[in-house]
Amino acid sequence: MSPALRYQPGEVLLQLAGQAVEAPRLPAGLYLVATPIGNLADISLRALATLARADLIAAEDTRHSKKLLTHFGVRGEMTPYHEHNAEKE
């Protein structure tokens, strides 16, 4: 993430082409977001905005998801969720 970006309390931003963009607010609910497996540029703007506004991101592979979120400057809490821990949650 660019060191020039400054986050203020209550602001939810993501980074697109080096520019900070505010993510629109979403109604409360569960959102399922498909993420690209290979090319990070294949993600949609709607998917990025949804991830930026999420209170919690449950990801099957947190290593892959962390790369994606870091690349676009999305900050948020992430937890692993996959077949090996699904019954525990």
Distance-only donor-acceptor pairs under 3.5 Å for side chains of residues 27-47, two or more places apart:
residue: Y31; atom: OH; partner: P27; partner atom: O; Å: 2.7
residue: N39; atom: OD1; partner: A41; partner atom: N; Å: 2.9
residue: S44; atom: OG; partner: A47; partner atom: N; Å: 3.0

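Looking at L16 and L48, their side chains come closer than 4.5 Å, going by heavy atoms from C-beta outward.
A search for side-chain contact (heavy atoms from CB on, under 4.5 Å) contacts involving K66 returns T70, M78, not counting sequence neighbours.
Within the structure, every pair that satisfies the side-chain hydrogen bond (donor to acceptor under 3.5 Å, both in side chains) test and touches residues 56-65, not counting sequence neighbours, is listed here: D61-R63.
A52 and L14 make their closest contact through CB-CD2, 3.7 Å (heavy atoms, listed as atom of the first residue, atom of the second, distance). Across all non-hydrogen atoms, the minimal contact from L69 to I57 is CD1-CD1, 3.8 Å.
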